[in-house]
There are 2 protein chains.
Amino acid sequence: MKRIMIIEDETTLRDELSILLKNAGYEPVAVTDYSNVSEQMKSSYSDLILLDINLPNVNGETLLQDFRKSNDTPVIMLTSRTTEIDEVLSMSYGADDYITKPYNPTILLLRISAVLKRSAKVGAVQKYHDVEVSTVKGSLTRNGSEQILTKNEMIIFQQLLDRQGEIVTRDELMTALWDNDEFVNDNALSVNVSRLRGKLAELGLPEAIETRKKQGYVLK
Amino acid sequence: MKRIMIIEDETTLRDELSILLKNAGYEPVAVTDYSNVSEQMKSSYSDLILLDINLPNVNGETLLQDFRKSNDTPVIMLTSRTTEIDEVLSMSYGADDYITKPYNPTILLLRISAVLKRSAKVGAVQKYHDVEVSTVKGSLTRNGSEQILTKNEMIIFQQLLDRQGEIVTRDELMTALWDNDEFVNDNALSVNVSRLRGKLAELGLPEAIETRKKQGYVLK
DNA sequence: AAATCAAGTTTCAGATTTGTAACTTTGACG
DNA sequence: CGTCAAAGTTACAAATCTGAAACTTGATTT
C-alpha cells in the first residue's frame with residue numbers, strides 16, 4: 001500500500017484529503033505539527049507527498065528545495081491562487097506536479113496515480129521496504145550491507161517488485177528473461193530464482209519471495 | 001532541446017502555440033496534413049505531443065489509444081469540452097494530462113514541464129534520441145537492432161545520459177563505477193568507454209560519446 | 001619536428017555469470 | 001500415508017565480463 005504524506009494546514013481540507021486517499025486505497029499520513037515539517041518530511045518514509053505551498057510561517061518553495069537536496073520522493077504541490085502559478089513556474093522548485101485548489105477529487109487521484117506510476121520506475125533509487133534498489137548498478141542495499149545482483153536476478157526482482165503482492169507467473173518471468181525463439185531449459189528459471197533468494201537471504205530476507213505452486217511467485 | 005509535436009487544426013491556435021513553445025525554449029513541430037496523423041505520430045520522434053481531441057474526420061481518443069499500443073511518448077490532450085467525464089476519459093485513454101481550451105499559456109507551459117519531468121524519470125524505457133534504453137535488461141535498441149551492455153558500460157552510459165550535453169569527468173565516472181577503496185587501473189575506464197563506444201557504433205552512433213581531453217566525456 | 005602525455009585499442013588470464021543435468025525437496029491429492 | 005509432478009538445489013562446463021599490461025594514436029607543448 002502506498003503511503004502519502006499530507007502537509008496542509010487547513011484542518012477541513014486535510015481531513016477531506018485523508019478520507020479521499022484512504023477510500024482510494026492509499027495510506028494517508030497527515031502532518032499536524034508545522035514547527036518541524038522539514039524534519040518530518042526527511043525522517044518518515046512516504047511514497048508521495050502532497051505539499052501545500054502556503055503554510056503558516058513556512059516558505060513552501062524553500063522547504064521543497066531543501067528537501068530535494070537529500071530526497072527524491074515525488075511531491076505534488078497544492079496551490080490555492082492562480083497567481084501563484086507564475087511563482088511556481090519561475091522557480092526551479094523540484095515538484096513533480098501541482099494541483100490548484102479547489103481541486104476535483106477525481107483529477108487529484110488521477111494525478112497521484114500518474115506520478116506514482118512514473119516514479120515507481122525511477123532507475124536511480126527504488127525501494128523495497130527498507131532495501132535500496134539500484135537498477136543500473138544491479139545492487140540491493142540494506143542496513144549498509146550490499147548484494148550485487150546479476151542481470152537475470154535483477155530482471156526477476158524488478159518484475160516482482162513492479163507487481164509487489166501480486167502473483168507473477170513463471171511464464172511471465174520467462175518472457176521477461178528470454179526471447180521467445182531462444183530455447184531455455186524450464187529449470188533455468190528455478191535456478192535463477194534460487195540464486196536471487198540466496199542473495200535476499202544474505203540481506204536478512206529469506207522469505208521475501210513466496211512460491212505459489214502451479215501459479216507463480218509473489219514478492220511480499 | 002525538447003521537441004514538441006502540435007496536432008491542432010485551427011491555424012491561428014496552432015501558430016500561437018508554436019510561438020509560445022519556441023519562446024519557452026522548446027522545438028515545436030506542427031502537423032499540418034491530417035490525412036495521416038497516425039503515421040506522423042509514430043514515425044517522427046518527439047519528446048511530447050499536444051493533441052487536439054477534436055480533429056476534423058479523426059477521433060482523437062481512438063487515435064491516442066492506437067498510438068499507445070506502440071509508443072510511450074507523453075501526450076497532453078487539448079480539449080474544448082469541459083465536463084469532468086471527458087477529462088477523466090482522456091486520461092484513461094492513455095493521455096498524460098489534458099488542457100481545456102481556451103487555455104492559459106502559463107498553465108500550459110507548467111503542465112508541459114511537469115509531464116516532461118515525470119516522463120524523464122521513467123527507468124523502464126528511457127530514450128536517447130531514437131535509442132531505447134532499458135536499464136534493467138542493460139540493453140540499447142535502435143531500429144530493431146539491439147546491443148546488450150555490461151554492467152560497467154550501462155553505468156557509464158547512464159551517467160552520461162543523466163547529464164546529456166554536459167561534460168562528465170573521468171573522476172566522476174570512476175566514482176560511479178568503483179568504490180573508493182578498491183584500486184583500479186586508471187586505464188580500465190578507457191577500456192570500458194572504448195567497449196561502450198564499440199556497441200554504440202554497432203547501432204550506427206560511432207560519435208555519440210565525445211572526448212574532451214583533460215576534461216572528460218560528453219554524450220551528444 | 002621532437003617530446004610528452006592523455007586517451008584509445010588489443011590481447012590475455014582470472015573472475016563471474018549462465019544454462020544444463022542430475023538429484024533432492026515439497027506439497028497436493030488420492 | 002504414498003505417489004507424483006512442480007519447484008529447489010548443487011555441481012559443472014561454456015560463455016561472458018573484467019582489469020591489467022603493452023602498445024598505438026593523436027594532440028599539445030617546446
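Reminder, nothing fancy here: chain letters follow the sequence lines and each chain counts from 1. All of these numbers come straight from a predicted model, not from anything done at the bench.
- Residue B/Asn187 places no side-chain N or O under 4.0 Å from the OP1 or OP2 atom of C/dA6.
- Applying the 4.0 Å criterion to OP1 and OP2 of C/dA6, one finds that B/Tyr217 has every side-chain N and O outside that range.
- Distance, B/Lys199 NZ to D/dT18 P: 8 Å, rounded to whole Å.
- Ranking D/dA7, C/dT20, D/dT18 by closeness to the A/Ser190 side chain, first place goes to D/dA7.
- With a 6.0 Å radius and a threshold of 12 heavy atoms from other residues, nucleotides or ligands, B/Lys137 has its NZ atom at or below the threshold.
- Taking only side-chain atoms of A/Lys151, from C-beta outward, the nucleotide of D/dT18, D/dC17, D/dA11 with the closest atom is D/dC17.
- Salt-bridge annotation for A/Glu210 and A/Arg212: present, with a side-chain N of the basic residue lying under 4.0 Å from a carboxylate O of the acidic one.
- Contact annotation: A/Arg197 reaches the phosphate of D/dG8 (side-chain N/O to OP1 or OP2, under 4.0 Å).
- For the pair A/Met154 CE and C/dT16 C1', the computed distance is 18 Å after rounding to whole Å.
- Distance, B/Leu173 CG to D/dT18 C1': 17 Å, rounded to whole Å.
- Evaluation of atom-type donor-acceptor distances gives a pair under 3.5 Å for the side chain of B/Arg195 against the base of D/dG19.
- For D/dT9, the OP1/OP2 oxygens have a side-chain nitrogen or oxygen of A/Ser194 closer than 4.0 Å.
- A/Asn192 has no side-chain polar atom (N or O) that falls below the 4.0 Å cut-off from OP1 or OP2 of C/dT17.
- Atom CG of A/Asn185 is separated from atom P of C/dA22 by 11 Å (rounded to the nearest Å).
- In this model, no side-chain donor or acceptor of A/Arg170 finds a partner on the base of D/dG8 within 3.5 Å.
- Put simply, the side chain of A/Ile148 reaches to within 4.5 Å of the side chain of A/Ser139, judged on heavy atoms.
- No hydrogens or angles were tested; on distance alone, a donor-acceptor pair under 3.5 Å links the side chain of A/Lys213 to the base of C/dT26.
- For A/Glu207 and C/dT26, the CD to C1' distance is 14 Å, given to the nearest whole Å.
- B/Leu64 CG to B/Leu51 CG: the interatomic distance, rounded to the nearest 0.5 Å, is 6.5 Å.
- Comparing B/Lys214 and A/Leu149 along DNA chain C, the residue whose closest nucleotide (by nearest heavy atom) sits nearer the 5' end is B/Lys214.
- Under a 4.0 Å N-O distance rule, the pair A/Arg3/A/Glu27 qualifies as a salt bridge.
- Across the interface with DNA chain D, nearest-nucleotide mapping of A/Gly216 and A/Val191 shows A/Gly216 to be the residue nearer the 5′ end.
- Taking atom CD1 on A/Ile155 and atom P on C/dT17, their separation rounds to 14 Å, with Å as the unit.
- OP1 or OP2 of D/dG19 lies within a sub-4.0 Å distance of a side-chain N or O belonging to B/Trp178.
- Ion pairing between A/Asp186 and A/Arg170 holds under the 4.0 Å rule for side-chain N and carboxylate O.
- Across the protein-nucleic acid pair, B/Asp186 atom CG and C/dG8 atom P stand 11 Å apart, rounded to whole Å.
- Taking atom CG of B/Asp171 as the reference point, atom C1' of C/dA6 lies 14 Å away to the nearest angstrom.
- A sub-4.0 Å separation between OP1 or OP2 of C/dG8 and a side-chain N or O of B/Thr211 is present.
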